[in-house]
Structures are given as C-alpha cells and as structure tokens.
Amino acid sequence: MNDQLKQIVAPLLEWYRRCARKLSWRSDPTPYRVWVSEIMLQQTRVEAVKPYYERFMEQLPTVQALAEAEEEKLLKLWEGLGYYSRVRNLQKAAKVVMKIYGGELPADFETLRSLPGIGEYTAGAIASIAFGKPVPAVDGNVLRVLSRVTESRRDILNSKVKKEFSEQLREIYPTDCAGDFTQALMELGAMVCVPNGVPLCEQCPLSHCCQAFLHQTMLELPVKAEKKPRKLKEKTVFVALDPQNRIAVQKRPDTGLLAGLWEFPNAEGALTREQAAEYWKNLGVCPGSIQKLRAAKHIFTHVEWKMSGYLVRLPQSVDQFVWVTKEELHGQYAVPNAYKAFLKVLAEVLG
DNA sequence: AAATCGGGGGG
DNA sequence: CCCCCAGATTT
C-alpha cells in the first residue's frame with residue numbers, strides 16, 4: 001500500500017467539497033450527462049466546453065436522441081470545438097448502447113472502455129463519477145499533480161508511466177465517494193496545481209506532503225518529452241460567388257483532418273492570379289473577376305496552413321460544388337475555424 | 001512508440 | 001511565439 005499517496009485522500013476531498021466549481025455536468029451527474037461532458041472535455045478547457053455542452057444537451061437530451069441524430073446536425077453542434085472524430089465516435093457508441101445495452105450506458109469499466117471514443121481515462125471518469133466505482137481516471141491534470149506530489153521526473157507522456165500512476169491511485173481510491181475523488185484530483189490540477197506559470201501552493205491542501213513543494217521543484221515538473229515541429233502547408237482558398245451571390249462549398253472527406261466538415265474550394269500551393277483563373281477554367285467556367293484577398297494562416301497541432309485567398313465572381317455555378325446562401329452556410333453547414341478569415345470576407349462582401 | 005486529430009487562452 | 005488543455009485512435 002502506498003503510504004505517501006494515501007495521505008492525500010482526506011485533505012483533497014475536504015478541499016474539493018469546500019472549493020469545487022459549480023459545473024453543469026456536476027450538478028446532475030447522470031451517466032449520459034457525464035459521458036457527453038467527458039468527451040467534450042478531452043483536450044479541451046472547461047470554459048470552452050460550457051456553451052457547447054448546454055446547447056448539446058438541450059438539442060440531444062437522451063442517448064436515443066443522439067443515436068438518431070443526423071450527422072450534419074452533430075457536426076454543427078460540434079462546430080468550432082475541434083477533434084471532430086469525438087462526436088462521430090460519440091454517436092457510434094450511442095448506437096451500440098441503444099442496440100446492445102437497452103439504451104442504458106454500462107457501469108462496468110471494461111464495457112465502457114470497449115465503446116468508441118472511450119479510452120482509459122474516459123472509462124475511469126464515467127465509472128467513478130456516474131457510477132461511483134473506485135476506478136482511477138488519469139488525465140493531464142492528474143499526471144501533473146501526482147508528478148509534483150511524488151516529485152517524479154519521469155516522462156508523463158510515456159504510456160507506462162501513465163499506467164503506473166494509475167495503478168498507484170487504484171490502491172488508495174475511496175470506495176464511498178469515488179466520483180468526488182476523481183473530480184478533486186482534476187479540479188486541483190486545473191485550479192491550484194496549474195500548468196502554466198506558478199502553481200498556487202499556498203492554497204493547496206496537499207502542500208504539507210508535496211515533495212515538489214518541500215524541495216521547491218514545482219516549476220520543473222512535470223517532465224514531458226519534446227514535441228516535433230509542425231509542418232507548413234500552403235493552400236489557396238477561393239471565395240467563389242455565382243450571379244445570385246451563392247457561395248461555393250464542398251464537404252471534406254469523411255476521414256482525416258476536419259473530416260466531414262464543409263469548406264471553400266481550395267487548391268494546394270500558393271496560386272498566382274493566372275493560376276487561379278486557370279483553376280476555374282479547368283472546371284468549365286471563366287471568372288468574371290478575380291480579386292486577391294489578404295493572406296491568412298491557421299495553426300493546428302501538427303500542421304500550419306498558410307492560405308492565399310481569392311474572391312472569384314462567376315457567370316454561373318459549376319456542378320463540382322454545392323452552392324449555398326450565406327444564411328444557409330451559417331445555419332446548417334459546419335465550417336472549421338481554419339476558414340474564419342474567409343467567412344469574414346463573406347460578411348464584408350455580402351453584408 | 002509515434003503520428004494524427006482542433007482550437008483557444010494565457011504566459 | 002510557446003505552452004497546455006477532464007485524450008483516443010491509428011499506424
């Protein structure tokens with residue numbers, strides 16, 4: 001039994017009950033509500049999730065509603081949140097829950113773990129928070145807290161390290177309030193034992209037993225492996241309008257980056273005005289005018305798009321694309337934030 | 001084990 | 001600029 005970690009349980013729970021934020025999914029932790037919140041919160045800050053969560057639960061309040069929803073509606077509800085495969089997997093899992101588990105989310109860790117989009121962390125989070133099972137849920141917050149409390153200098157991105165922290169936690173998990181303990185560890189990491197800048201150790205209920213605090217090594221921890229530089233991709237984006245000011249869009253492939261979302265016509269590389277004209281001629285239409293737009297860039301985790309842009313007016317639409325009004329685009333089509341600069345152009349041109 | 005998959009808030 | 005965020009899946 002891990003005596004060093006055992007002593008964090010009581011003070012952490014006391015602190016959590018005194019200081020926990022009031023969050024929508026905490027106030028009524030049904031399995032479905034916890035599940036949706038955990039998927040949205042993957043690699044995503046609480047503040048960013050809040051408005052998406054409220055809207056999602058309002059529109060799709062049950063597993064059945066989620067299972068039966070149109071894909072376009074799902075993507076629109078997720079628009080701007082990122083990591084869009086999350087919502088596809090969420091629905092895949094909802095369909096399995098309807099078909100195999102009678103519409104009720106399973107309570108067992110391994111069964112949860114088998115569902116699409118539910119990995120080690122999320123299975124532990126749902127099992128403990130929604131079902132009260134004494135199962136660890138180790139996310140970035142928890143790894144940071146444990147690295148500092150134990151003054152561990154091992155790489156927290158290493159899967160073996162993650163597993164060992166999880167095993168240590170398993171031994172000390174309270175059986176009567178597992179959900180509170182799961183959330184307390186994460187809450188401490190988010191509010192006190194923070195990642196950027198100086199942790200608020202004077203407020204921390206664990207400072208008395210935190211090895212990093214005792215040795216003043218908090219800022220050196222946790223240790224993470226170095227990340228690789230991102231690749232640069234040049235693109236040319238077309239804001240193309242037909243005589244009725246309808247906008248050309250296309251749906252991205254259903255795998256890969258931004259799968260299934262809608263985008264403006266675009267080509268690889270930084271095209272000159274002449275090459276831009278050629279692009280449209282090859283599609284069987286000669287542009288009435290081509291106006292160069294301000295360049296834009298968008299940074300993803302592993303790639304950066306450097307985008308040239310042209311406003312193109314066409315004498316007729318072409319079948320290659322879907323032609324939509326500005327209102328239709330905003331109301332029904334999920335467009336990734338990478339194209340925000342060109343959506344803005346649209347607003348300026350069309351009012 | 002490494003790569004892929006978004007977007008934004010804060011130092 | 002860089003960091004990291006209630007990670008999962010694929011290769």
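Letters A, B, ... are given to chains in the order of the sequence lines, protein chains preceding strands, and every chain is numbered from 1. These numbers come from the heavy atoms of this one structure, side chains and all, not from hydrogens, waters or symmetry mates.
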Does the distance from a Lys or Arg side-chain N to an Asp or Glu carboxylate O, for A:Glu70 and A:Lys76, drop under 4.0 Å?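 No, no charged N to carboxylate O under 4.0 Å.
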Taking it one step at a time, do A:Phe300 and A:His298 satisfy ring pair (Phe, Tyr, Trp, His ring centres under 6.0 Å)? CA-CA 7 Å; A:Phe300 301 97; A:His298 187 80; 4.7 Å; yes
Name the stems with DNA chain B in them: runs of three or more consecutive Watson-Crick or G-U pairs, distances under 3.5 Å?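 Stem segments, range with range: B:1-5 with C:7-11, B:7-11 with C:1-5.
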I'd like to compare against my own output: the B/S/- annotation of nucleotides 4-11 of chain B with a strict under-4.0 Å heavy-atom distance to protein. BBBBBB--
What side chain to side chain donor-acceptor pair (under 3.5 Å) pairs are there with at least one residue in residues 337-351 of chain A, not counting sequence neighbours?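 Output for this query lists A:Glu263-A:Tyr339.
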So if I take residues 10-34 of chain A and measure heavy-atom distances to DNA chain C, which residues fall below 4.0 Å?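 Listed by number, they are A:Arg21, A:Leu23, A:Trp25, A:Arg26.
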Taking it one step at a time, do A:Glu58 and A:Arg55 satisfy salt bridge (charged side-chain N to carboxylate O under 4.0 Å, His left out)? CA-CA 5 Å; A:Glu58 205 171 293; A:Arg55 189 178 58 174; over 6 Å; no
Can you tabulate the close N/O pairs, meaning under 3.5 Å, that link protein atoms to atoms of nucleotides 9-11 of chain C?
{"residue": "C:dT9", "atom": "OP1", "partner": "A:Gly117", "partner atom": "N", "Å": "2.4"}

Looking only at atom P, what distance separates C:dA6 and B:dG11, rounded to whole Å?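 These two P atoms come out 15 Å apart once rounded.
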Rounded C1' spacing from B:dC5 to C:dC5 in Å: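 So the two C1' atoms sit 14 Å from each other.
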Share the residues that join A:Trp323 in a hydrophobic cluster, the rule being Ile, Leu, Val, Met, Phe, Trp or Tyr side chains under 4.5 Å apart at the heavy-atom level.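 Taking Ile, Leu, Val, Met, Phe, Trp and Tyr as members, A:Trp323 shares its hydrophobic cluster with A:Phe238, A:Leu271, A:Tyr279, A:Trp280, A:Leu283, A:Val285, A:Ile290, A:Tyr310, A:Val312, A:Leu314, A:Val318, A:Phe321.
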No-hydrogen, no-angle side-chain donor-acceptor test under 3.5 Å, A:Ser166 and A:Glu120: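 Distance-only check fails for A:Ser166 and A:Glu120.
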